[in-house]
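Chain letters run A, B, ... following the sequence lines, proteins first, then strands; residues in each count from 1. In this text the structure is predicted, and so the values were computed from the model without any measurement.
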Amino acid sequence: MEAEREFVDQFVMEAREHLDTIEDDFLKLENQRDNPDQTLVDKVFRAIHSIKGASGFLGLTKIGNLAHVMETLLSMMRAGEVQPESEFIDALLAGADILGAMVDDVEHSNETDITKIHDRLATLLARVISPKVKHEMNTPVKLSGSEGDYIGFDINEFTLKNIPPNMSLYVLKYDLTELSKKEHKSPVALIRDLLSTGEIIDAKLDIPFNDLRSGLPQAPLVYEVLYATFLLPDDIQEIAGLPEDRVSYVERGDSAGVIPISSGFRVPSFNLRTPVSETPLPEQSPHPQAVVINREKRSERRGEKAEEGRERTGDKEEKTEKRADDNQPATTEDSRQLATDTEKPQVLPDVEPEQEPHDTGVDLSSSVRIHVDILDKLMMLVGELVLVRNQQILSMENADPVSQFIAQRLDAVTTELQETVMRTRMQSIGKIFRKFPRIIRTLGKAHGKYIRITLNGSKVELDKTILESLTDPLTHLIRNSCDHGIESPEERTRAGKPETGHITLGAWHEAGHINIEIRDDGRGINPDIIRQKALEKRLKTVTELNRMSDNEILRLILLPGFSTADKVSELSGRGVGMDVVKTGIEKLGGIIDLESAVGEGTGIHLRLPLTLAIIPCLIVISGEDRYAIPQVNLVELVCLYDEDVHTKIEIADNQEVYRLRDRLLHMVRFSEVLARPAPFATEVVSEIIEKSRTSASAFRAGPEDQEASLNFAVLKVGTGRFGLIIDHVLGTEEIVVKPMHPALKSLNIYSGATVMGDGKVALILDIEGIAAHAGVITGTRADELHTDTVENDDDLQTVLLFKYGEKEHFAMTLPLIRRIERISTFHIEEIGEKEFITINNISTRILRLDQVLDVSTGTERDGMFLILPRYIRRPVGLLASRLVDIEETSVQLNTESYMEDGIMGTSVIRGHITLFIDIYRLIEKVEPEWFADRRMGLFGMPGPPDKELLAHNESEKRVLLVEDASFFRQLIKSYLEADGYEVITAENGKIGLERINETSFKLVVSDIEMPVMDGWNFVKHLRGGKRQQNIPTVALTALDSENDREKAKRCGFDRYEVKIDRERFLTTVAELMGRMKSEV
Amino acid sequence: MPKRQFCTFQIAERLFGVDILDVKEINLEAKFTPVFHAPKEVEGYVNIRGQIYLILNLRLLLGFEKKAVDEASRLVLFKPQVEEPFGVLVDRIGDVVDVDVTQIEDHNKDDQRPSKDGKRKSAELWDGVCKLEEGLLVVLNSRNMLKSIGKT
């Protein structure tokens, strides 16, 4: 029964689509209680209506029954008789649930017991219908064709009254058999089409069978529709795909009021067209039969319960009858019959039919449904193609140009194909998100809490597989927020918070990943309680706990043993089944992060790959084999040379560690991991240490035959990090992930396998598994060492120390450096006075410090270094003779002892006076025209401004700079001052606000991360304050994510600049000061 | 007279066979990717036309000494319905032989029944033995191979 399945499948899919969004809409309506959005009411009405319509064809009695009574209630809402009160929404939600369940199991839907929900809805209805409406509903209206003939439909006054006056009524007659054969259009599709341009007021199916599930019969099958639409008669023929003689116009009669002339779209001659009664359709004689069918149906159903399962549209009578019984038990048989028809509540308020397609959320004309199996297969094939492509690229390396060109084309096409196919599997996360308002509503009611939820980024798309596996963890987290996060209204009031708790659920893209954040403003998690709990459960010892930061303590709730035994009430925190959430997220290759402030709330951050099938990886070699490290886990790569290989890796606390920028990093030797199948015991670790000690002393004895370098990758696991020592690094590659063979699933150091370009298999490493295997206690030790030295000094800068001439020591901050190239002076070319060198096919201008500063001449060597600065559009590099080191150090710039144009200041580092280079100023000195545009705008001349010119109208250029790090404070101040602004500084937001109260400014520049009061709060206070609250404000920060930008905008920053692109920043400042615009 | 066909091969000079209906192909591929931490019988992963196969060393599985891969070594790859893609490394491939069902001795009368516990590991893999002109053929059950790894 192909046809049968096809119809039912089509119905199920459509019904699901409708039901998917309906819950959300109901909840929205509830919120608009007093003034419901008509388009929304109409949308839900139509959704239910079309389910009802289509279920009728397929003999899905119960679905039809339930949809009908829901529809009736909704029609009352549409007519404004009922407001969307909680009580109704509750019932409608319950109804939608049962509808959903029935649709999901459509085969057994007719066995579902819907009496309870049906009665509930019917009782509600009976209560709310006003006597007037009741009367209208029982007043039949005879409709007549253009020549006064009976059209075969009776409707009631209420229905008619609620058809918008500018809609016209038609009777359409379809032959379903013909439709299916000639146009391959199913009844379900027909209803959908009709609903997109108008409203089905009533419909009849002249059919000897009970339903169409057994496919369409061979004989003509007449389907008559009483149809209300804005369309013109000519159009309707076209849209409906019917010949003239099957469309007939219906007079609305007096009761419907006069159709406004202004609507003037009805062709006057239409009335002359052949009336319906003279249009003999096969096996059909208009009105009496229709009534007879109805009657027959009814008696049939009374007589034979067994038939129930195979009822068709007409069975809605049963339910409406029942309703009629509820309303007026004493009605006669005839009036019941009328009531049946009249109660079908096709009420139309003023709705623009054009909106329809948008409302249903489905663009029917431009989408095709494809079975997931096909997509999966496609995905698999593309995976294979990517492999073949990789192999082909390898084999083409030495081929002739033509073949190489073809190979490149293939490469490009494959990449695009891969991306496109991946997109077919993408679904919006809104699919999960929209479940949550309902869950929160239910939970809130159950716990007596007031909770609202804000959803952001529902349109963000991610792979279907990930989406599906995300439902449970997310639901869990949301439940946790409701159960344990948000406090009771009383508690909240006591704490001085609004009664209603607020949960925000957001999703956004960032660098090939999906970020999801669940944030509540509840009581937060108390680390002390977690600590205590961890002790009780013997998960950690006191010593261990004392060494952990609050954030690590929070992460304890993710441990398996933590949650299961105790119940929430005792814990008064979170943690029920959080380990399950963690496992779920990690299975998807994701990462979970927590933050919480007691009394303020909790934020949970998930970071997930967009797709599981193809991931970027770092390919490394150990022994003779390649391994892939997922890029998500990778932080950085470090290479040690010469004696550092043996001296820089130290032993601390029976572990090999490396001091990376003042953080201790636990080191794991990957070759040892591979060689030892059993998790590392203490003895094993000692053994490994002994081994490397021996090799270190061997090195001291005779360094010649020792390896000259050592690579390790800094990897992150949760919030912790460790270093994995590997033999070689090959590079990054997009790889197709294949799961591990089931027989090897128990090996936890691998997460999968892949086929490399040369056809060999490589294993994908499970970084978490390796950390566990090697017994890495991630994070803890390292952080603690870090905090000791750093906490009291927030002014730490990572600087590059280098030499140029024999005497001076120079420094540049790392954020200002794009990269460093090792060059050979042999390749330097001279053009006039200027020197250039070609790097990656780009001629790069060389800047020598002794040419721009009063310093000693450079030490000439064959191999020198070129420091390429960041944020400079043109290729230029600073020549250095020797790189001393990279040092994380606290910088207090001294601008008094030695100053020169192009130097930011001096600082004593490692016992030497070190000159800090102002690279932009230096470049400007040699190439003033590079910066000419902005300067021209500002001062009307290229180059730095004249002091006297700057002197006048001081207050016009006063800028407040809020920045905690004194280094940056000086740096930015010097930038601004060079452009002629007067700068007043503040160390944090609080001081910034004080300055605002004292002095008037033209502009505020603020950092984000600051002690005492951060940039977010500063700008919030500024905007909410009384003084200079509208002053333009620029955020200048090292944070550079979409989320931060979003937040900056929300908090009230006008612009957002990243630390520190000098040109961009100064241009922004100039724009905000209104100077660029006015003069250029 | 019902007959069964076996794909035969040599392990340590002895003749073994598996039901030909379970065999997908015989392959020469010898570039294995070792899987550290896996049971010793696991020879490694191999890529056969984009599909990754797990290869077991049948010598080790049957309790013989390991032997280096040489020119005669072959992979017997099994059909996916047997298990997730896997194959075995054998010393030398032999002919396909037709055997009368009645000729097979000592095999379980009820094919579906798993072999009894307590037997030697290799016995789990033995489906039966039959006498051929060229010698004794031990019929192996490919379905039990993956189950028996890592049990030593």
Side-chain angles (χ1 to χ4, degrees), chain A residues 380-392 619 621-628 670-680 735-766 769-770 772-774, chain B residues 22 24-25 27-58 60-61 68-69 75-89 121 124-125 140-152:
Chain A
M380 203 194 79
L381 289 173
V382 166
E384 299 301 329
L385 186 62
V386 168
L387 290 178
V388 175
R389 188 262 320 254
N390 291 352
Q391 288 170 356
Q392 198 239 13
I619 312 296
I621 292 186
S622 179
E624 287 172 9
D625 304 295
R626 283 166 296 182
Y627 294 89
F670 185 50
S671 52
E672 299 291 342
V673 171
L674 289 179
R676 295 163 204 273
F680 287 10
I735 59 162
V736 182
V737 179
K738 309 246 173 173
M740 285 302 276
H741 195 282
L744 301 179
K745 279 268 163 122
S746 60
L747 308 182
N748 57 11
I749 64 165
Y750 309 113
S751 62
T754 188
V755 178
M756 303 296 294
D758 64 356
K760 261 197 90 174
V761 178
L763 290 156
I764 304 165
L765 300 182
D766 183 334
I770 290 176
H773 191 87
Chain B
D22 288 343
K24 179 168 183 279
E25 65 178 273
N27 200 293
L28 289 163
E29 183 67 57
K31 281 197 275 176
F32 304 112
T33 299
V35 182
F36 290 92
H37 293 199
K40 67 171 174 27
E41 298 91 340
V42 171
E43 187 67 32
Y45 272 137
V46 74
N47 165 33
I48 308 288
R49 295 183 300 277
Q51 176 77 266
I52 297 179
Y53 281 79
L54 183 70
I55 303 300
L56 307 180
N57 189 321
L58 202 51
L60 295 179
L61 208 57
V69 173
L75 298 181
V76 178
L77 303 178
F78 296 104
K79 285 183 184 166
Q81 59 261 37
V82 177
E83 268 285 356
E84 292 285 322
F86 86 104
V88 290
L89 178 68
K121 189 180 91 175
E124 228 174 68
L125 304 171
L140 298 177
N141 185 345
S142 58
R143 285 157 211 266
N144 286 338
M145 288 176 181
L146 281 172
K147 281 180 224 151
S148 58
I149 62 171
K151 285 187 179 168
T152 37

Report which part of [X] has an atom under 4.5 Å of a heavy atom belonging to chain B: side chain, backbone, both, or neither.
{"X": "A:Arg676", "result": "backbone"}
{"X": "A:Met740", "result": "both"}
{"X": "A:Thr754", "result": "backbone"}
{"X": "A:Leu747", "result": "side chain"}

Would you say that [X] contacts [Y] through its side chain, given a criterion of any heavy-atom pair below 4.5 Å between the two side chains?
{"X": "B:Leu146", "Y": "B:Leu54", "value": "yes"}
{"X": "B:Pro39", "Y": "A:Leu744", "value": "yes"}
{"X": "B:Asn27", "Y": "B:Tyr53", "value": "no"}

* Are the side chain of A:Tyr750 and the backbone N or O of B:Phe36 linked by a donor-acceptor pair below 3.5 Å? ->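 At least one qualifying donor-acceptor pair exists.
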
* To do: Go through the atoms of B:Val35 and report whether side chain, backbone, both or neither lie under 4.5 Å from a heavy atom of chain A.
  =>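 Its backbone and side chain both get close to chain A.
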
* Asked: Going by the angle between their ring planes, with limits at 30° and 60°, are B:Phe86 and A:His741 parallel, tilted or perpendicular?
  ->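 Rings of B:Phe86 and A:His741: perpendicular, over 60°.
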
